[in-house]
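Working notes, beginning with the structure itself.
FYI, side chains are in, hydrogens and waters are out, and symmetry mates aren't considered; it's all heavy atoms of this structure. Here is how names work: the chains are called A, B, and so on, in the same order as the sequence lines, proteins then strands, and each is numbered from 1.
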Protein chains: 2
Amino acid sequence: MGSDRARSKSITLSDVAKDAGVSPMTVSRVINGEASVRESTRISVQESIRKLKYRPNIGARRLAGAKVARICLLYGNPSSSYLGELLLGAVEMAGRLGHQLVVIRAGKDFSAETLAQQYGALWDGIILPSPMGDEAETRAVIEREKIPAVFTTGRVSSPRKKLAHAFEIGIDNRAAAKTLTQRLIALGHVHIGYIKGRKDHAGTALRYQGFCEAMDEAGLEVNPLLVEQGDFTYLSGMQAAERMLTFDPRPTAIFAANDDMAAGVLGAGSRQGLILPGDLSVAGFDDSPIATSIWPHLTTVHQPVSEIGSVAVERLDGIIFPKEDAANASPAHHQWLDYTLVERASTSSPNRHS
Amino acid sequence: MGSDRARSKSITLSDVAKDAGVSPMTVSRVINGEASVRESTRISVQESIRKLKYRPNIGARRLAGAKVARICLLYGNPSSSYLGELLLGAVEMAGRLGHQLVVIRAGKDFSAETLAQQYGALWDGIILPSPMGDEAETRAVIEREKIPAVFTTGRVSSPRKKLAHAFEIGIDNRAAAKTLTQRLIALGHVHIGYIKGRKDHAGTALRYQGFCEAMDEAGLEVNPLLVEQGDFTYLSGMQAAERMLTFDPRPTAIFAANDDMAAGVLGAGSRQGLILPGDLSVAGFDDSPIATSIWPHLTTVHQPVSEIGSVAVERLDGIIFPKEDAANASPAHHQWLDYTLVERASTSSPNRHS
DNA sequence: CTGAAAGCGCTTACAG
DNA sequence: CTGAAAGCGCTTACAG
């Protein structure tokens with residue numbers, strides 16, 4: 001069995017201690033980032049660790065009473081692809097840090113107070129994807145109970161209260177929407193429609209803001225008739241597009257705040273017999289599976305979801321177990337990761353005759 | 001911190017031993033299902049375990065040299081919703097059994113021989129979702145190297161060679177496709193089109209077979225002109241539907257072997273101005289996110305993917321660490337889980353005038 | 001069929 | 001700033 005092989009050759013704390021000429025205790029201190037180790041000692045120990053490729057045994061660590069966190073990942077929809085990728089990154093980092101991942105579904109009977117009850121009993125810190133962490137009540141409980149939390153909504157419109165035990169991760173929603181809009185403008189589009197996302201989703205306002213900024217800076221007018229409220233569903237995107245396409249001049253491009261709605265726009269366009277993307281360019285947001293399921297494939301903004309998952313676990317670790325030697329370092333409350341503009345077949349320059 | 005609370009109150013092997021009036025060793029044997037324990041002793045120990053709600057400490061178990069498996073979940077597409085749900089179940093069961101989950105992506109340079117190299121070094125058993133485990137070469141390597149493996153494709157057409165170290169999980173593809181077809185027939189459809197899935201996907205043939213069986217049993221003819229080969233993409237579904245819809249009599253219902261293709265059928269139908277589902281009923285397979293993203297929502301077959309993930313880990317555990325007392329019990333090589341027919345807005349009785 | 005001993009790899013106090 | 005001791009909860013041999 002492979003695990004036996006691994007067992008026999010695995011090297012331990014004591015091996016490192018011998019190699020570095022110190023006691024196992026000192027190696028333990030270096031590993032756990034305690035401040036009370038002489039700089040020269042620390043360096044030589046770290047060198048031995050690297051040389052021997054030492055990897056701490058998580059089981060032993062827990063057993064001996066090390067701090068092990070139970071990290072909750074709260075989700076609403078089990079079949080969302082977002083959850084899968086988030087889990088992918090979270091599982092990886094939780095394994096590396098030796099933490100336990102507790103994946104919990106927020107059912108119909110879920111309320112913010114549930115978190116207060118579960119905290120400490122079921123888990124020690126929580127990751128809240130949108131829209132889980134966007135609700136005011138949830139945030140109030142997080143603050144009141146001082147619950148270590150990471151929100152993965154990304155940059156949002158209204159600056160949030162900064163809590164020492166909370167962290168925000170994700171992409172810069174405004175910058176991403178702006179980048180995409182600028183690309184549409186560069187393609188030659190002037191009449192550009194916009195479909196907003198759900199109001200309870202914290203990124204919604206900022207995406208719209210990014211759209212407006214790009215239009216303004218290009219000297220283009222944001223036509224109120226070409227701005228519709230959607231709810232992130234295909235149907236809402238389709239209906240919004242149907243309305244917009246009756247106006248004259250017709251928009252030559254529509255930017256929807258997520259991919260599902262953008263797919264709905266494509267549906268509306270094809271139903272009206274438009275040539276896609278010649279008559280109508282369509283762009284979405286998220287790069288979810290539907291973006292490459294429908295035809296033409298969607299131009300959209302890709303979020304590094306799996307990385308968001310791993311960073312979320314990493315930050316939560318930092319909140320739950322503050323490192324002494326990092327006390328003075330980065331008191332950051334957020335981290336914006338890189339997004340990518342993905343250009344696919346759903347966008348092009350507008351047809352001349354349109 | 002919650003973990004500290006948990007620590008102080010957690011009860012151990014010794015607690016159980018005291019309560020049952022035996023040595024810790026005996027309790028350990030009962031937990032690990034060793035055969036050499038007197039029946040009466042076993043029963044009283046199990047009673048104490050239940051009474052005290054004892055849960056073995058996984059860390060300690062590993063540390064002391066218990067058998068811990070590294071279970072690989074091989075995937076191709078990180079943003080598939082299938083992966084997310086599979087992970088959900090796998091993480092849960094791996095945590096419960098104390099195994100380590102190693103999630104690996106099969107990149108472009110992946111080949112069956114990669115498995116032979118990784119086995120033993122990186123992991124001790126593997127879960128192979130479709131189409132990962134459908135390739136003959138992959139199966140040959142699994143057999144040659146005697147790699148503990150679980151295939152999650154579900155029931156497939158050609159009976160596979162039964163390996164002592166392999167297991168098949170999933171739904172009965174034929175029965176599920178048959179059930180769905182029967183429902184379409186019950187709605188009054190006679191001219192029913194079928195779009196096949198990718199040929200390298202092992203469930204493809206059996207789903208088609210289920211369709212044919214239902215038609216035959218209802219005394220309906222499977223019109224060869226209404227059977228198209230697809231490749232599981234939206235585009236292939238759309239193109240197949242476009243061809244079918246030119247025939248006379250036009251099909252009043254189309255059953256696609258997955259949801260993406262079914263969505264493409266809806267796209268083709270709406271482009272042609274058909275009333276959906278009155279003029280054309282559409283059904284898919286999988287109940288993936290797109291099923292409830294598009295409009296109308298798709299009638300489809302729901303697979304218990306998360307359960308498949310947890311059962312896969314459970315079976316792999318049984319293969320890697322055969323329980324002595326289960327030697328005579330279930331020598332099963334497969335397990336078919338329950339599927340669900342989900343009726344949504346994309347199907348109805350056909351319009352009279354069609 | 002059952003148990004006493006030793007030890008897995010690490011950490012917590014407790015010293016100095 | 002560093003170390004010697006004890007122990008976490010379990011399992012592996014080894015006895016009987």
Side-chain angles (χ1 to χ4, degrees), chain A residues 1 3-45 48-49 52-69 97-99 321 324-325, chain B residues 1 3-45 48-49 52-69 97-99 321 324-325:
Chain A
M1 215 85 304
S3 35
D4 295 332
R5 283 186 226 162
R7 165 167 304 282
S8 56
K9 79 180 169 196
S10 94
I11 66 124
T12 72
L13 239 199
S14 308
D15 296 332
V16 175
K18 256 171 237 156
D19 186 86
V22 296
S23 78
M25 211 34 248
T26 301
V27 177
S28 173
R29 290 197 177 95
V30 170
I31 291 168
N32 292 294
E34 289 180 33
S36 65
V37 180
R38 194 191 298 154
E39 192 55 25
S40 58
T41 312
R42 176 192 306 282
I43 289 175
S44 85
V45 168
S48 295
I49 287 177
L52 301 178
K53 292 182 183 169
Y54 169 67
R55 305 273 302 157
N57 178 315
I58 290 163
R61 217 159 161 174
R62 287 192 198 191
L63 184 55
K67 303 289 199 301
V68 173
L97 298 178
H99 295 319
F321 306 120
E324 300 179 19
D325 56 349
Chain B
M1 214 87 306
S3 34
D4 295 332
R5 282 187 227 163
R7 165 167 303 282
S8 57
K9 79 180 167 194
S10 94
I11 66 124
T12 73
L13 239 198
S14 309
D15 296 332
V16 176
K18 254 171 238 155
D19 186 86
V22 297
S23 78
M25 211 33 248
T26 301
V27 178
S28 174
R29 289 197 178 95
V30 171
I31 292 168
N32 291 294
E34 288 180 34
S36 64
V37 180
R38 193 190 299 153
E39 193 54 26
S40 59
T41 312
R42 177 193 306 282
I43 291 175
S44 86
V45 167
S48 294
I49 288 177
L52 301 178
K53 290 182 184 168
Y54 168 66
R55 305 273 303 157
N57 179 315
I58 289 162
R61 216 157 162 175
R62 286 193 199 192
L63 183 54
K67 303 290 197 304
V68 174
L97 298 178
H99 294 319
F321 306 120
E324 302 179 19
D325 57 349

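- Between A/K18 atom NZ and C/dC10 atom P there is a gap of 12 Å when expressed in whole angstrom units.
- Of the candidates D/dT2, C/dC1, D/dG3, D/dG3 carries the atom nearest the A/V22 side chain, counting heavy atoms from C-beta on.
- Residues A/V45 and A/V22 share a closest heavy-atom pair of CG2-CG2, 4.0 Å.
- As rounded to whole Å, 13 Å separates atom P of C/dG3 from atom CG of B/L13.
- If you take CZ of A/R42 and P of D/dT2, they are 9 Å apart, rounded to a whole angstrom.
- Using N1 to N3 plus N6-O4 or O6-N4 for Watson-Crick, or N1-O2 and O6-N3 for G-U wobble, each under 3.5 Å, D/dC14 pairs with C/dG3.
- If you take OG1 on B/T26 and CG on B/L13, they are separated by 10.0 Å, rounding to the nearest 0.5 Å.
- OP1 or OP2 of D/dG3 has at least one side-chain nitrogen or oxygen of A/T26 nearer than 4.0 Å.
- If you take CZ on A/R38 and CD1 on A/I43, they are separated by 12.0 Å, rounding to the nearest 0.5 Å.
- Between B/A20 and B/S48, the shortest heavy-atom distance links the atoms CB-OG, 3.4 Å.
- Between the CD1 atom of A/I43 and the P atom of D/dC1 there is a distance of 13 Å, given to the nearest Å.
- If you take CG on B/D19 and CG on B/L52, they are separated by 4.5 Å, rounding to the nearest 0.5 Å.
- The nearest whole Å value for the distance from the CD1 atom in B/I31 to the P atom in D/dG9 is 13 Å.
- Under 4.0 angstrom from either OP1 or OP2 of D/dC1 there lies no side-chain N or O belonging to A/T41.
- Put simply, B/S28 has a side-chain N or O that comes within less than 4.0 Å of OP1 or OP2 on D/dT11.
- Among the nucleotides D/dG3, D/dC1, C/dA4, the one closest to the side chain of B/S23 is C/dA4.
- Counting only heavy atoms from C-beta on, B/R29 has its side chain closest to D/dA13 among C/dG9, D/dC10, D/dA13.
- Here the C1' atom of nucleotide D/dC10 and the CG atom of B/D15 are 13 Å apart, to the nearest Å.
- Atom CD1 of A/I49 is separated from atom C1' of C/dG9 by 14 Å (rounded to the nearest Å).
- Minimum atom distance to the side chain of B/M25 is reached by D/dT12, of the listed C/dT2, D/dA4, D/dT12.
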